[in-house]
Amino acid sequence: MPPERRPAIVAVDDEPAVLAAVARDLRRGFGERYRILRADSGATALELLTELRTRGDHVALLIADQRMPGMAGTDYLVQARTIVPDAKRVLLTAYADTEAAIAAINDVALDYYLLKPWDPPEEQLFPIVEDLLTTWEAGAALEAGGVRVIGHRFSKDSHDLRDFLARNRVPARWLDVERDGEARELLRVAGVEADRLPVALLEDGAVLERPTILELAERLGVAGQPAQDHYDLVIVGGGPAGLAAAVYGASEGLRTVMVEREAPGGQAGQSSRIENYLGFPTGLSGSDLARRATDQARRLGAELLTVQDVVGLRAEGAGRFVDLSGGGTLSANCVLVASGVSYRQLDAPGFADLTGAGVYYGAAMTEARSCAQQHVVVIGGANSAGQAAVYFADYAGRVTMLVRGPSLERSMSHYLIEQLSTRPNVTVRTETSAAAAEGEDGRLRRLRVRGPGGEEVLEVDACFVFIGASPRTDWLEGVVARDERGFILAGPDVSGDGWPLKRDPFLLETSVPGVFVAGDVRARSIKRVASAVGEGSMAVSLVHQYLVDA
Ligand SMILES: Cc1cc2nc3c(=O)[nH]c(=O)nc-3n(C[C@H](O)[C@H](O)[C@H](O)COP(=O)(O)OP(=O)(O)OC[C@H]3O[C@@H](n4cnc5c(N)ncnc54)[C@H](O)[C@@H]3O)c2cc1C
């Protein structure tokens with residue numbers, strides 16, 4: 001990479017000695033990979049960032065002193081966020097300012113606050129900055145990457161391919177055929193007709209016209225193949241519960257395989273910022289959590305099979321058999337069902353037809369960048385909707401939330417309500433619901449909404465729906481006892497419900513001995529990342545007990 005294309009780290013401090021020291025240490029630790037740029041005030045740094053962005057240069061990290069005359073570090077970082085939203089943000093504080101730094105975490109979406117002095121840098125600075133840069137690099141590599149996908153922004157097939165690549169962390173660059181001259185040129189060179197989109201151009205020169213996700217996954221080697229004939233533990237679902245079980249199962253010596261239908265991370269992987277997971281005071285994005293957990297599970301020896309759907313479960317004697325959508329079967333001593341819940345679909349007119357073409361379920365973070373200056377509507381009043389609104393506020397021109405209830409207080413955490421109130425481009429409309437979605441040229445253009453003042457039409461560019469979720473456990477029909485909504489019963493809830501053994505079922509054991517359940521799919525579970533992780537970890541210890549007793 002030529003030196004001038006190295007991404008930048010921008011340090012700001014009004015005290016020349018401190019600024020020089022930060023720059024010196026950053027240069028020593030990261031100077032080979034990054035340009036270290038300095039500014040002596042927030043205002044100068046903002047000008048510098050605008051210049052860098054105009055030139056198309058990447059900014060990886062911002063580091064700013066809190067105490068600066070004219071503009072405090074937090075105020076600077078808030079403004080910088082609108083210029084370089086992807087850059088990691090670090091605040092330099094004196095011990096006396098710790099409270100202010102913690103209070104600023106939400107407004108700034110701070111990634112770290114660093115106490116002055118940071119000596120020795122090998123312990124106090126380098127590991128922290130390295131971790132932040134690794135996370136930034138993972139995101140940047142994904143966007144720069146080898147696979148190129150060309151398609152129409154408002155095509156469901158194009159959206160699904162992009163989403164699949166992003167969620168499976170395959171480095172890929174998206175080119176919109178309508179906006180991008182390079183896309184049209186590439187299509188001409190590859191000899192692809194416009195009606196054959198989306199197209200994926202792979203690094204080995206292969207051109208895949210209108211590929212299915214499975215085809216693309218197989219060509220890219222994402223899906224994986226089982227390496228063993230028999231496992232101690234098969235985990236169904238790669239959300240937080242499944243990933244935790246994979247980490248503990250593999251680390252405790254169980255032959256463990258995890259099967260995931262879409263991409264590791266589950267619902268949590270779609271969260272723009274999880275703020276209440278223990279040990280991450282500044283929060284972490286769902287994709288970061290998924291990346292860390294997936295790497296950890298793999299490193300400890302768990303196998304991961306993705307883009308494969310579990311479609312059946314059988315118990316034959318001591319054997320447990322899991323059928324895969326591709327036709328294969330996995331044999332195991334124990335199975336953990338950690339298949340979570342899926343978004344509920346909005347059944348108002350127009351929504352089904354426009355899904356993927358302006359209507360999205362979940363945060364669909366791949367769409368954020370395309371929403372610049374646009375009007376985004378978020379439907380729902382719970383935490384997931386609140387997170388999405390806060391997230392899109394950084395990218396979109398304006399964000400309107402449609403909330404069916406009379407207020408957010410009943411359904412959303414206080415910290416999110418506070419964050420929404422600090423985003424001037426977010427409007428919350430309570431007692432309002434979407435009555436219909438209307439499109440033009442195959443993409444969403446308008447929403448018909450019903451509120452206290454009657455029906456009204458909103459011009460919109462994209463709409464993200466968060467109206468709850470339900471388990472998809474039909475494949476367990478007649479095998480494992482479920483409640484009337486499809487959630488799986490476990491432990492004390494299954495006693496007497498066809499339970500075949502003398503001993504009581506273990507706490508997370510289903511009505512089939514040796515088949516366990518963890519996370520959101522369990523009846524009466526607490527729908528949180530931490531509880532899913534806790535149950536996934538606990539399930540492994542119950543698997544050990546089962547194997548000892550068996
Ligand atoms: C946008 C959003 C934001 C959230 N923010 C927070 C937050 O800030 N804090 C918090 O504590 N909680 C948050 N939650 C809730 C939290 O994400 C969930 O409680 C948690 O992810 C549940 O984990 P799980 O592993 O049980 O299930 P899931 O996360 O639902 O994962 C289940 C996985 O199983 C896969 N799967 C399903 N069926 C099959 C099958 N048959 N074969 C193969 N794979 C299958 C799915 O594709 C999925 O990846 C949020 C949820 C959402 C949607």
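Ligands are counted one by one from 1 in listed order, and the atoms in each one are counted from 1 as well.
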In this structure, does ligand 1 have an atom that sits under 4.0 Å from one of the heavy atoms of Q308?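 Checking ligand 1 against Q308, which is what was asked, there is a heavy-atom contact under 4.0 Å.
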
Contact between Y343 and ligand 1, counting heavy atoms under 4.0 Å?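 Heavy atoms of Y343 do come under 4.0 Å of ligand 1.
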
Would one find an N or O of [X], backbone or side chain, under 3.5 Å from an N or O of ligand 1?
| X | value |
| --- | --- |
| Q270 | no |
| I274 | no |
| G265 | no |

Atoms in ligand 1 flagged as close to [X], the criterion being non-hydrogen separation under 4.0 Å:
| X | result |
| --- | --- |
| G519 | 26 (O) |
| G238 | 33 (C), 34 (O) |
| G340 | 27 (O), 28 (P), 30 (O), 32 (C) |
| A241 | 25 (O), 26 (O) |
| A532 | 22 (C), 23 (O), 26 (O) |
| N276 | 7 (C), 8 (O), 9 (N), 10 (C), 11 (O) |
| D309 | 40 (C), 41 (N), 42 (N) |

Which bit of [X] gets closer than 4.0 Å to ligand 1, counting heavy atoms only: side chain, backbone, both or neither?
| X | value |
| --- | --- |
| V259 | backbone |
| V341 | backbone |
| W475 | side chain |

Considering residues at least two apart in sequence or located in another chain, which fulfil the salt bridge (charged side-chain N to carboxylate O under 4.0 Å, His left out) criterion with E484?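 Residues passing salt bridge (charged side-chain N to carboxylate O under 4.0 Å, His left out) with E484: none at all.
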
Under the salt bridge (charged side-chain N to carboxylate O under 4.0 Å, His left out) rule, what do D295 and R299 come out as? Steps first, then yes or no, please. CA-CA 6 Å; D295 290 351; R299 184 175 64 77; over 6 Å; no

Given [options], identify the one with the heavy atom nearest to [atom].
| atom | options | result |
| --- | --- | --- |
| atom 46 (C) of ligand 1 | K527, E260, E262, E535 | E260 |
| atom 24 (P) of ligand 1 | G266, P240, S272 | P240 |
| atom 7 (C) of ligand 1 | R167, Q387, E275 | Q387 |

Side chains of F351 and L447: closer than 4.5 Å at any heavy-atom pair?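 Yes, at least one pair of side-chain atoms sits under 4.5 Å.
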
Can you find a pair of side-chain heavy atoms, one from E262 and one from I213, that are under 4.5 Å apart?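 E262 does not reach I213 side chain to side chain.
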
Given the ring of F487, does K527 sit roughly above its face, with NZ or CZ under 6.0 Å from the centre of the six-membered ring and within 45° of the axis?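 Ring-cation test returns yes.
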
Not counting sequence neighbours, which residues clear side-chain contact (heavy atoms from CB on, under 4.5 Å) with S421? List them please.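 In terms of side-chain contact (heavy atoms from CB on, under 4.5 Å), with neighbours along the sequence ignored, S421 is linked to no residue.
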
Any luck finding a side-chain donor-acceptor pair between S331 and R320 under 3.5 Å?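 No donor-acceptor contact under 3.5 Å links the two side chains.
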
Would the F392 and F464 ring centres measure less than 6.0 Å apart?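 Aromatic pair counts; centres sit under 6.0 Å.
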
R298 vs E303, test: salt bridge (charged side-chain N to carboxylate O under 4.0 Å, His left out). Steps then yes/no. CA-CA 6 Å; R298 281 212 169 98; E303 281 181 46; over 6 Å; no

Under 4.0 Å between a side-chain nitrogen and a carboxylate oxygen: does that hold for D520 and R528?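 Not counted as a salt bridge, because no side-chain N and carboxylate O are separated by less than 4.0 Å.
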
Inspect the contact between E431 and R404 and indicate whether a charged nitrogen and a carboxylate oxygen are less than 4.0 angstrom apart.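 A salt bridge is absent here (no side-chain N lies under 4.0 Å from a carboxylate O).
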
